[in-house]
Amino acid sequence: MSFATLWESLLPIGRDGLSGGYRRFSWTPEDAACRAWFTRSAAERDLRVLTDNNGNLWAWWDPPGWPGPGAPGGAKAVVTGSHLDSVPDGGAFDGPLGVVSAFAAVDLLRERGCLPVRPLGIAAFSEEEGGRFGVACLGSRLLAGAIEPGRARALADAAGVTLAEAMAAAGHDPDGIGPDDDLLAAVGAYVELHVEQGRALADLGAAVAIGEQIWPHGRWRLDFTGRPDHAGTATLADRRDPMLPFAAAVLAARQAAAAHGARATIGKVTAEPGAVNAVSARVSAWLDARGPDERTLQTVVGEVLAAAREAAAGHGVELAAGPESVTPAVVFDQDLRERLASSLAEQGIPAPLLPTGAGHDAGVLAARVPTAMLFVRNPTGVSHSPAEHAESADCAAGVRALATVLEDLACR
Ligand SMILES: [Zn+2]
């Protein structure tokens, strides 16, 4: 089956008719449809499907005569994949490109007559974007023991539904979530293919790149508490308006990022009670910050929080601020990276090395398993938006590159 057929079978799920963007949030009906698509695609290829305790999906191509999962002396698996969930109104490629390319690469390996000598797995990790419960890479974090299960169960979505409730409603037992050391110990390498979320490859004139490192990054929550008041009668001098220090924080984020060659974004904000004709009681904002190294990241966040604190004090507003999740820099496994580079070079596939400011499940898993990434060119670099794109020829190049890497890692 071709990449295009697979791609088009997934495309309608969770697409918003108005924005053209995707709303595939974990443990919703759209998520269930994506899971059914995964299971169907695996079944069409005679792959063995299982859902792990944390709701991550796995499709296994077992080598002939393989003794079965967990058997003593069994070879460690090679796993590829990505995620199927989206940010609100996200693009079609972020996540799904890696999963679709994984199935297409299996097809290509079979066309080439390759048989794995160790298990080859395709994974789709749950809630990678944190689009519903606010913590990015939740499925892989749980698997790797990078988040405490009790804390994860209590995470709530915008409607106040907890992860535990959402999982249970979708038929998945939330009591079983948490680290799965046996599963991770069975994985010898993880290679994630992902659409590039910048435009470096477009400038380099290459279709595919090998990931070098992921910038350290994190999310900080800022709660500004002031005093609700009448927009017409409260004098300016008497106001304690939380919107003003919030605005200072937005500007400080931009300035600090520009000053230090980093990224800082406030892309989510809520105002309570949210009346047009009233001074807000409270403004909550989320700062997303990323930098080329940890010191730069801390400097940027420190400057934003200092500016927010100073502005809050100046307006008689209280500020509570702290991290929601922070992920250190990830440098991908050098041996694996070099092996990818040499197998691609052998096939005449040019693949420069690329750092990225975007977080991935591969970044979380890198703490436990040798991990590598492949990026596929995005002509405009736009991502987390309906305008996110990759050309068909580049998607095909990505599948070829992934199949080449998997053949080297799993079939020899
Ligand atoms: Zn992604």
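All heavy atoms count here, side chains included; hydrogens, waters and symmetry mates do not. Order of listing sets the numbers, starting from 1, for every ligand and every atom in it.
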Requested in this report: Please work out which of the three classes, parallel, tilted or perpendicular, describes the rings of Phe125 and Tyr190, given edges at 30° and 60°.
Outcome: perpendicular
Requested in this report: Mind listing the protein N/O/S atoms less than 2.8 Å away from the Zn ion (ligand 1)? Waters don't count.
Outcome: His83 NE2, Asp94 OD1, His194 NE2
**Report entry** Whether Arg35 side chain and Glu30 backbone form a donor-acceptor pair below 3.5 Å
**Finding:** no
Query - Partner set under side-chain contact (heavy atoms from CB on, under 4.5 Å) for Val279, not counting sequence neighbours - result: Asp229, Arg239, Asp241, Pro242
Query raised in the report: Can Asp94 and His83 be counted as having a side-chain donor-acceptor contact under 3.5 angstrom?
Result: yes
Query raised in the report: For His217 and Asp288, does a side-chain donor sit closer than 3.5 Å to a side-chain acceptor?
Result: no
Query raised in the report: Taking Ser86 for the side chain and Arg24 for the main chain, is one N or O donor matched with an acceptor at less than 3.5 Å?
Result: yes
